[in-house]
Amino acid sequence: MVAAFALTPCGFSETRSNGQNPRKTNTEFKCSLPEDFRFIRVDTQNKRLFLEGTEAKVASRRKVDSFLKRIDKAIADCVPSWRGSWSASFFSDPKFAGYKTEFSESIGSWGKAYVAEYDRNTQILTVLPLEKTKRRTRPVIVDP
């Protein structure tokens, strides 16, 4: 199953900012993505997707590997210029889906909600990237 998305389908129609780093989005970015992890928003300038997911769901090799392979194909078909160069950040709470600099007043909550990231260029998945003792990384090869 796939979900079509555009700018801000999950209630983030306004651009939140701390005055220094406004959210970068693009209303022209439209793709169909697998629904395994709910799409929250996109930063087209930095080629980053923000998705909702729990630590347990991201840690499930079968689920996350399958999803990343399908999303890689969807992105390659939809936005060829992103081929091999996109990334994804996974948040347990969608209201914190964004960059650390956007949440300076609630940085602790942001860090707790930030459960994983995937870098398509290196093909590395990092679970709990901010927790030194619990941090785990492993390769997820989506396209050899």
Can you confirm whether Gln123 sits close enough to Val142 that some side-chain heavy atom of one is under 4.5 Å from a side-chain heavy atom of the other?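 Touching, per the 4.5 Å side-chain cut-off.
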Is there a chain of hydrophobic side chains (I, L, V, M, F, W, Y, each step under 4.5 Å between heavy atoms) that links Ile107 to Leu130?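 Same hydrophobic cluster.
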Mind listing the side-chain donor-acceptor pairs of residues 49-58 below 3.5 Å, one per line with the distance, residues two or more places apart or on another chain?
unit_1: Glu52; atom_1: OE1; unit_2: Arg38; atom_2: NE; d: 2.6
unit_1: Glu52; atom_1: OE1; unit_2: Arg38; atom_2: NH2; d: 2.8
unit_1: Thr54; atom_1: OG1; unit_2: Lys57; atom_2: N; d: 3.1
unit_1: Lys57; atom_1: NZ; unit_2: Asp36; atom_2: O; d: 2.3

Looking only at non-hydrogen atoms, find the nearest pair between [X] and [Y] and report the distance.
{"X": "Pro34", "Y": "Ile71", "answer": "CG-N, 3.9 Å"}
{"X": "Ser32", "Y": "Ala74", "answer": "O-CB, 3.3 Å"}
{"X": "Val115", "Y": "Phe91", "answer": "CG2-N, 4.2 Å"}

Quick check: does any side chain N or O of [X] sit under 3.5 Å from a backbone N or O of [Y], one acting as donor and the other as acceptor?
{"X": "Arg70", "Y": "Ser66", "result": "yes"}
{"X": "Arg135", "Y": "Pro129", "result": "yes"}
{"X": "Lys47", "Y": "Ser81", "result": "yes"}
{"X": "Trp110", "Y": "Phe103", "result": "no"}
{"X": "Asp119", "Y": "Asn121", "result": "yes"}

Run the salt bridge (Lys or Arg N to Asp or Glu O under 4.0 Å) test against Arg138 and tell me which residues pass, sequence neighbours left out.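 Arg138: salt bridge (Lys or Arg N to Asp or Glu O under 4.0 Å) contacts with Asp65.
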Intermediate values then yes/no, side-chain contact (heavy atoms from CB on, under 4.5 Å), Leu125 and Val127: CA-CA 7 Å; Leu125 174 69; Val127 179; 4.2 Å; yes
Ring centroid separation for Phe96 and Tyr114, is it under 6.0 angstrom?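 Between Phe96 and Tyr114, the centre distance exceeds or equals 6.0 Å.
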Does the separation of the ring centres of Tyr118 and Trp86 fall below 6.0 angstrom?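 Yes, they do, as the ring centres are separated by less than 6.0 Å.
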Ser87 vs Arg120, side chain to side chain donor-acceptor pair (under 3.5 Å): CA-CA, chis, key distance, verdict: CA-CA 6 Å; Ser87 58; Arg120 173 56 178 89; over 6 Å; no
Quick check for you: to the nearest 0.5 Å, what is the distance between Leu68 atom CG and Ile75 atom CD1?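 Separation between the atoms: 9.5 Å.
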Which is it for Thr126 and Glu117 under the side-chain contact (heavy atoms from CB on, under 4.5 Å) test, yes or no, and what are the steps along the way? CA-CA 5 Å; Thr126 304; Glu117 66 181 29; 4.0 Å; yes
Please indicate whether Arg136 has more than 12 foreign heavy atoms, meaning atoms of other residues, nucleotides or ligands, lying under 6.0 Å from its CZ.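 Atom CZ in Arg136 is crowded, with more than 12 foreign heavy atoms closer than 6.0 Å.
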Can Glu102 and Arg41 be said to form a salt bridge (charged side-chain N to carboxylate O under 4.0 Å, His left out), step by step? CA-CA 14 Å; Glu102 296 175 282; Arg41 69 175 252 224; 3.4 Å; yes
